[in-house]
Amino acid sequence: MSDKPLNGHRVLVLVTNYGVEQDELLVPVRRLREDGADVTVAAVSSDPVQTLVGDRDPGETMEPTTTLDAVDPGGHQLLVIPGGTINADNLRLESKALETIKAFADSGRPIAAICHGPWALVEADVLSGKTLTSYISVRTDVRNAGAKSWVDESVVSDDANGYTLVTSRDPKDLDDFVGAINKALVGS
């Protein structure tokens with residue numbers, strides 16, 4: 001067990017209970033755990049998280065580890081925000097999720113968001129001066145939130161303004177996304 005690269009690292013994943021893009025939740029959680037990370041999935045409620053495939057077809061369900069209200073974000077080294085249009089749109093309305101995002105950015109801990117996940121970062125007002133990517137329809141929102149620039153790349157890691165932000169465009173970028181998360185986590 002001690003030979004796994006992420007042993008001793010704690011990761012927090014924020015989601016709503018419906019509408020998370022299946023692979024954007026399940027793939028990072030599975031791979032981070034395989035690499036030894038302790039991954040906590042915090043959802044709005046303790047009900048199962050119903051994922052979707054392509055924002056419409058039901059995917060797998062996942063039991064959350066805890067709820068947004070009960071989680072202690074201070075005990076985690078990196079934050080992951082999966083996409084899914086419905087998930088991301090609803091997550092940015094959750095005050096506890098926004099408080100958690102701000103706490104990570106303010107403390108200098110890394111944040112990773114994929115696809116529509118950066119919508120929550122827009123709402124939390126933590127994108128000033130950052131270069132990032134996302135699903136293309138989020139591009140204007142990111143720019144309007146004060147990001148330095150939006151780029152069309154599979155993964156972007158930006159260390160500006162005191163914290164590392166890792167972003168990717170969509171599920172096709174998951175290999176690069178998870179690799180960049182691992183790099184950000186080991187460096188934290």
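Residues: numbered from 1 along the sequence shown.
Side-chain contact check for D159 and T164: at least one donor-acceptor pair (N or O, by modelled atom type) lies under 3.5 Å.
Around NZ of K96, the count of heavy atoms belonging to other residues, nucleotides or ligands within 6.0 Å exceeds 12.
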With a cut-off of 3.5 Å and sequence neighbours excluded, list every side-chain donor-acceptor pair involving residues 26-35.
unit_1 : atom_1 : unit_2 : atom_2 : d
R31    : NH1    : D175   : OD1    : 2.6
R31    : NH2    : D175   : OD1    : 2.9
R33    : NH2    : V39    : O      : 2.9
D35    : OD2    : N182   : ND2    : 2.9

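Qualifying side chain to side chain donor-acceptor pair (under 3.5 Å) partners for D106, counting only residues two or more places apart in sequence or in other chains: none. With sequence neighbours excluded, the residues that form a salt bridge (charged side-chain N to carboxylate O under 4.0 Å, His left out) with D158 are K130. Residues that satisfy the ring-ring contact (aromatic ring centres under 6.0 Å, His included) test with H76, not counting sequence neighbours, are absent from this structure. Residues that satisfy the side chain to side chain donor-acceptor pair (under 3.5 Å) test with D23, not counting sequence neighbours, are absent from this structure. Looking at residues two or more places apart in sequence or on another chain, you find a side chain to side chain donor-acceptor pair (under 3.5 Å) between N17 and S45. Applying the side chain to side chain donor-acceptor pair (under 3.5 Å) criterion to R169, with sequence neighbours excluded, gives D152, D173.
Pairs of residues two or more places apart, or lying in two chains, never qualify as ring-ring contact (aromatic ring centres under 6.0 Å, His included) while including a residue from residues 41-67. Within the structure, ring-ring contact (aromatic ring centres under 6.0 Å, His included) pairs that include any residue of residues 98-147 comprise H116-W119, H116-Y135 (at least two apart or interchain). Contacts classified as side chain to side chain donor-acceptor pair (under 3.5 Å) and involving residues 63-75 (residues at least two apart or in different chains) are not found. Residue pairs meeting the ring-ring contact (aromatic ring centres under 6.0 Å, His included) criterion with at least one partner in residues 25-55, sequence neighbours excluded, are absent.
Nearest approach of S168 to S154, heavy atoms of both residues: OG-O, 2.7 Å. Summarising the geometry of V11 relative to A37, their closest heavy-atom pair is CG2-CB, 4.2 Å, with the distance given to 0.1 Å. For the pair P5 and V186, the tightest heavy-atom approach, listed with the atom from each and the gap, is O-CG2, 4.1 Å. Between A105 and V126, the shortest heavy-atom distance links the atoms CB-CG1, 3.8 Å. Taking each heavy atom of L52 and G19 in turn, the nearest pair found is CD1-CA, 3.7 Å. The two atoms that bring V142 and S134 nearest to each other are CG2-OG, 4.4 Å, heavy atoms only.
A distance of 7.0 Å separates CD in E24 from CG in D170, rounded to the nearest 0.5 Å. Interatomic distance, H9 NE2 to L78 CG, rounded to the nearest 0.5 Å: 9.5 Å. Atom CG of L121 sits about 6.0 Å away from atom CG of L165, to the nearest 0.5 Å. If you take CD1 on I86 and CG on L91, they are separated by 13.5 Å, rounding to the nearest 0.5 Å. Between the CG atom in L132 and the CZ atom in R143 there is a gap of 10.0 Å [rounded to 0.5 Å]. Once rounded to the nearest 0.5 Å, the distance linking OG1 of T100 with CD of E94 reads 10.5 Å.
Q22 contributes a side-chain N or O that, together with a main-chain N or O of E60, makes up a donor-acceptor pair within less than 3.5 Å. When atom types are taken as modelled, the side chain of N87 and the backbone of V15 share no donor-acceptor pair closer than 3.5 angstrom. Between the side chain of N161 and the backbone N or O of S128, at least one donor-acceptor pair lies under 3.5 Å. Between the side chain of Q50 and the backbone N or O of G59 there is at least one donor-acceptor pair closer than 3.5 Å. Side chain of R56 to main chain of G54: a donor-acceptor pair is present (N/O by atom type, distance under 3.5 Å, no hydrogens or angles).
Two different hydrophobic clusters hold Y163 and V166 under the rule that ILVMFWY side chains link at heavy-atom gaps under 4.5 Å. Placement of L174 and V13 within a single hydrophobic cluster is found when ILVMFWY residues are connected by side-chain heavy-atom separations under 4.5 Å, directly or transitively. I111 and I181 are members of different hydrophobic clusters when ILVMFWY side chains are connected at heavy-atom separations under 4.5 Å.
Between L25 and M62 there is a side-chain heavy-atom pair separated by less than 4.5 Å. No side-chain heavy atom of W150 sits under 4.5 Å from any side-chain heavy atom of V138. The closest side-chain heavy-atom distance from L68 to L14 is below 4.5 Å.
V151 forms part of a hydrophobic cluster together with V156, judged by ILVMFWY side-chain heavy-atom separations under 4.5 Å.
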**OP:** Go through the steps for T61 and V49 under the test side-chain contact (heavy atoms from CB on, under 4.5 Å), then give the verdict.
**Re:** CA-CA 5 Å; T61 59; V49 174; over 6 Å; no
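Evaluated for a side chain to side chain contact (heavy atoms under 4.5 Å, CB included) with I81, the options I114, V20, I101 yield exactly one hit, I101. Shown are R10, Q77, R109; of these, the side chain to side chain contact (heavy atoms under 4.5 Å, CB included) with L185 is made only by Q77.
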